Every structure is written in C-alpha cells, then in structure tokens.
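Heads up: the structure comes next, in structure tokens.
As the structure is a computational prediction, the values presented were derived from the model and not from experiment. We use all heavy atoms of the structure for the numbers below, so side chains are in, but hydrogens, waters and symmetry mates are not.
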Amino acid sequence: MTTQPTIAFIGLGHMGGHMAANLVAAGYTVHGFDLMPAALDTAASKGVTIAESGVAAAAQADIVLTMLPAGAHVLSAYPTLLAAAKPGTLFLDCSTIEVDHALQAAEMAQKAGFEAVDAPVSGGMVGAEAGTLTFMVGGSEAGLERVRPLLEVMGKKVVHCGANSTGQAAKICNNMLLGIAMIGASEAFALGQKLGLENQVLYDVISTSSGYCWAVNVNCPVPGPVPTSPANKDYEPGFATALMAKDMGLALAALETAGINGELGKRAAAIYAELVEEGRGGKDFSDVYNRIAGTA
C-alpha cells in the first residue's frame with residue numbers, strides 16, 4: 001500500500017483553509033501555516049497540524065502547497081521554503097498569480113532540484129468548501145500524476161494545460177471571460193426590469209437559451225431565480241469583487257504583454273477596480289449588478 005504524502009499547506013485563508021480541511025478529511029497529514037491567527041485557529045479546528053512557520057511546515061513535507069494572495073508573496077516565500085525542503089519534495093502552487101511569476105517560481109524550484117507544478121483553481125469559496133474546484137495544471141506529466149490524488153480530493157476536475165505557467169494562463173483567460181460575462185448578465189437583468197420583465201421570467205429564458213452561462217445559471221446576479229446565488233445572501237461571497245479585480249488586473253497586464261486589443265477586458269477590469277475603490281471589494285463580484293441597476 002502506498003503511503004500518503006505529508007503536505008505542507010502555506011496559506012490557510014478563505015480558499016486554502018477549506019482546501020486543507022478537505023485533505024485532512026481524506027486522511028492526509030497536513031502541516032499548515034498562515035500569517036493570520038484566526039486562519040490558524042480555524043484550520044486547527046478542522047484537523048490541520050499548525051506549524052510555527054512556513055519553513056517548519058515545509059521541512060516535514062513531501063509536497064509543499066502554496067495558496068497565497070499574489071505573485072510577489074510566492075516569489076518571496078519560495079527561497080526559504082526551498083532551502084528547508086527535503087530531497088524529492090514537490091512544490092505545488094495553487095495561487096492565482098502572473099504568468100511570468102509562475103514561471104519564475106517553477107524555475108526557482110527546478111534550479112534547487114525540485115519538481116514544480118502550478119495549479120490555480122476555479123470555483124470560489126463554495127467550490128473550495130465542497131471539494132468541487134477545477135484545477136488548471138501547468139507542469140510535467142510526472143508532476144501532475146504526483147499531485148493528482150490531492151487535486152481530486154480538493155476538486156472535481158483536473159485539466160492539464162501544458163508546461164509550467166500554462167495553468168496560470170488558462171486561469172487568467174477563464175476569469176477574464178467570467179468577469180465580462182457577469183457584467184453582461186447584470187446589464188441584461190437591469191434592462192429586463194426596465195422593460196417590464198420579472199427576474200424569474202428573464203432567467204427562465206436566458207438559462208435555457210443562447211444566453212446560458214455560469215454567471216446566470218449558477219451565480220445569478222439578481223435575487224430570486226437561483227436560491228444558492230450570493231444575490232440571495234446580500235451578495236456575500238462567493239468570489240469577492242476584490243479577487244475579481246485582482247484577476248482582471250492580471251488579465252489586463254497579460255493583454256498588454258500579448259499585444260491583444262481586449263476592449264471588453266480593459267473596461268471590465270476598470271469597473272471591478274472602481275467597485276473596490278468604492279469600498280465594495282468584500283461583496284461577491286455579482287454585486288456589479290447593483291452598480292449597473294443603480295440599486296447599490
């Protein structure tokens with residue numbers, strides 16, 4: 001019988017805490033660390049063994065999983081984590097960061113003699129808690145197969161996108177489309193109301209017609225049609241507007257680097273950034289509906 005690898009989980013926030021808890025529930029030994037005491041307390045209550053530092057966690061691990069806010073945090077953490085890791089350790093980064101930063105992190109790990117995989121996620125806090133995330137994986141086939149059992153505990157779908165950093169590329173493209181789609185859905189429902197349509201009626205049409213999309217069918221931006229959507233919970237995330245603004249910023253930078261004239265991506269990035277500036281970054285990103293409809 002193959003022994004399950006020991007996991008160091010660095011970053012136990014809104015997403016990482018749920019992901020680590022699911023690994024513990026599946027029988028993995030997880031040594032976790034986060035800079036926020038509240039996150040540590042919550043993780044400990046779910047069975048995560050709390051380490052005194054990220055370095056201490058990494059020293060005990062077969063796989064070091066990072067779930068951090070930005071590329072700068074990953075690149076800052078890697079040198080000490082790599083120095084502490086034992087031979088044969090694999091580095092798995094599930095953060096959503098710049099493509100260039102993902103490639104730099106992988107190169108740092110490889111130069112130190114370790115396998116590296118990037119595997120950002122889609123599905124938000126609901127998916128993290130339920131274990132239904134989608135993982136977009138960049139790295140070698142061998143690296144993917146080492147982490148696949150973990151990913152299948154934390155998610156329902158694993159897509160191998162290619163070499164290191166392609167997981168991040170896929171995530172940025174996906175979330176740019178999601179951000180644009182939510183604005184479009186919000187405009188459609190705001191217009192429908194002005195034209196005398198009930199929200200449920202318009203939902204019944206869109207959800208079964210050519211306008212079908214996740215932003216409507218799962219995360220409907222208006223109260224009523226989808227009982228589990230954040231719109232029915234005062235727009236509590238879900239996927240926070242601040243996170244969408246971050247991802248749209250990554251997409252904007254990628255558009256500029258690639259020389260793509262992404263007009264909708266640029267405007268969507270500006271809209272979510274404005275919502276954050278207005279103090280609404282903690283709401284679900286579907287709260288953009290209230291800005292469009294003038295109901296904020």
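The cluster map of Ile, Leu, Val, Met, Phe, Trp and Tyr, joined by side-chain heavy atoms under 4.5 Å apart, puts Val153 and Leu90 in the same cluster. Taking hydrophobic clusters as Ile, Leu, Val, Met, Phe, Trp and Tyr residues chained together by side-chain heavy-atom distances below 4.5 Å, Val126 does not share a cluster with Leu151. Hydrophobic clustering of Ile, Leu, Val, Met, Phe, Trp and Tyr side chains at less than 4.5 Å, counting indirect connections, keeps Met176 apart from Val216. Hydrophobic clustering (side-chain heavy atoms under 4.5 Å, transitive across Ile, Leu, Val, Met, Phe, Trp, Tyr) keeps Leu202 apart from Tyr212. Taking hydrophobic clusters as Ile, Leu, Val, Met, Phe, Trp and Tyr residues chained together by side-chain heavy-atom distances below 4.5 Å, Leu250 does not share a cluster with Ile180.
In this structure, Glu236 pairs ionically with Lys283, as a charged nitrogen and a carboxylate oxygen lie closer than 4.0 Å. Taking 4.0 Å as the cut-off between side-chain N and carboxylate O, Glu129 and Lys46 do not count as a salt-bridged pair.
As a member of the Ile/Leu/Val/Met/Phe/Trp/Tyr network built from side-chain separations under 4.5 Å, Leu75 groups with Ile10, Phe33, Leu35, Val64, Leu68, Val74, Tyr78, Leu81, Leu82, Phe91, Ile97, Met108, Phe114.
Side chains of Thr96 and Gln168: no donor on one and acceptor on the other come within 3.5 Å. Looking only at atom types and distance, the side chain of Gln200 has a donor-acceptor partner in the side chain of Asp204 under 3.5 Å away. Asp93 and Thr66 share a side-chain donor-acceptor pair at under 3.5 Å. One side chain, Asn290 or Thr295, offers a donor N or O that lies under 3.5 Å from an acceptor on the other. For the residue pair Asp62 / Gln4, no side-chain donor-acceptor distance below 3.5 Å is found, with atom types taken as modelled.
The number of heavy atoms from other shown groups lying within 6.0 Å of CD (Glu263) does not exceed 12. Open room surrounds CD on Glu198; 12 or fewer heavy atoms of other groups in view lie less than 6.0 Å from it.
Looking at heavy atoms from C-beta onward, His160 lies out of side-chain contact with Met136 at the 4.5 angstrom threshold. When side chains are defined from C-beta on, Ser95 does not count as touching His73, because their heavy atoms never get closer than 4.5 Å. When side chains are defined from C-beta on, Lys171 counts as touching Asn175, because their heavy atoms get closer than 4.5 Å. In this structure the side chain of Phe189 reaches within 4.5 angstrom of the side chain of Asn199, judged on heavy atoms. In this structure, Leu40 and Leu12 have side chains that are in contact, with non-hydrogen atoms separated by less than 4.5 Å. Between Met19 and Val121 there is a side-chain heavy-atom pair separated by less than 4.5 Å. Between Asn174 and Thr134, the closest side-chain pair of non-hydrogen atoms is not below 4.5 Å. Under the 4.5 Å side-chain criterion, counting only non-hydrogen atoms from C-beta, Leu133 is not in contact with Lys156.
The two atoms that bring Pro230 and Ser286 nearest to each other are CB-OG, 4.2 Å, heavy atoms only. The two residues Pro5 and Leu150 come nearest to each other via the heavy atoms CG-CD1, 4.2 Å. The minimum heavy-atom distance linking Ala251 with Ile172 is given by the pair CA-CG2, 3.4 Å. Scanning both residues, Ala273 and Ala245, for their nearest heavy atoms gives N-CB, 4.2 Å. When all heavy atoms of Ala119 and Val137 are compared, the closest pair comes out as CB-CG2, 4.0 Å. Between Pro223 and Tyr235 the shortest heavy-atom distance is CD-OH, 3.8 Å.
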Using distance only, find each side-chain donor-acceptor pair of residues 21-31 under 3.5 Å and give its atom names and separation, not counting sequence neighbours.
{"unit_1": "Asn22", "atom_1": "ND2", "unit_2": "His18", "atom_2": "O", "d": "3.4"}
{"unit_1": "Asn22", "atom_1": "ND2", "unit_2": "Ala128", "atom_2": "O", "d": "2.9"}

### Task
List the steps, then state whether salt bridge (Lys or Arg N to Asp or Glu O under 4.0 Å) holds for Arg267 with Glu274.
CA-CA 11 Å; Arg267 182 59 191 137; Glu274 289 163 7; 3.6 Å; yes
### side-chain contact (heavy atoms from CB on, under 4.5 Å) evaluation trace for Met244 with Val288
CA-CA 11 Å; Met244 178 54 78; Val288 69; over 6 Å; no
### Task
Output, in order, the C-alpha distance, side-chain angles, deciding distance and verdict of side-chain contact (heavy atoms from CB on, under 4.5 Å) for Tyr272 and Met182.
CA-CA 11 Å; Tyr272 290 111; Met182 183 57 75; 3.6 Å; yes
### Task
Would you please test Leu65 and Met154 for side-chain contact (heavy atoms from CB on, under 4.5 Å) and show each step?
CA-CA 12 Å; Leu65 192 163; Met154 299 182 290; 3.9 Å; yes
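The ring pair (Phe, Tyr, Trp, His ring centres under 6.0 Å) test applied to Tyr203 returns no partner, not counting sequence neighbours. Partners of Phe239 according to the ring pair (Phe, Tyr, Trp, His ring centres under 6.0 Å) rule, which considers only residues two or more places apart in sequence or in another chain, are Phe285. For Glu152, the salt bridge (charged side-chain N to carboxylate O under 4.0 Å, His left out) partners at least two apart in sequence or on another chain are Arg148. Considering only residues two or more places apart in sequence or on other chains, Leu177 meets the side chain to side chain contact (heavy atoms under 4.5 Å, CB included) condition with none of them.
Leu178 contributes atom CG, which lies 9.0 Å from atom CG of Asp247 (distance to the nearest 0.5 angstrom). Asp118 CG to Leu92 CG: the interatomic distance, rounded to the nearest 0.5 Å, is 9.0 Å. Note that the CD1 atom of Ile50 and the CG atom of Asp41 stand 8.0 Å from one another [nearest 0.5 Å]. Going from atom OG of Ser140 over to atom CD of Gln110 covers 8.5 Å, rounded to the nearest 0.5 Å. Taken to the nearest 0.5 Å, the CD atom of Glu278 stands 5.5 Å off from the CZ atom of Arg291. To the nearest 0.5 Å, atoms CG (Asp100) and CD (Gln104) are separated by 6.5 Å.
For the side chain to side chain contact (heavy atoms under 4.5 Å, CB included) with Tyr289, the lone residue among Ile183, Asp284, Val222 that qualifies is Val222.
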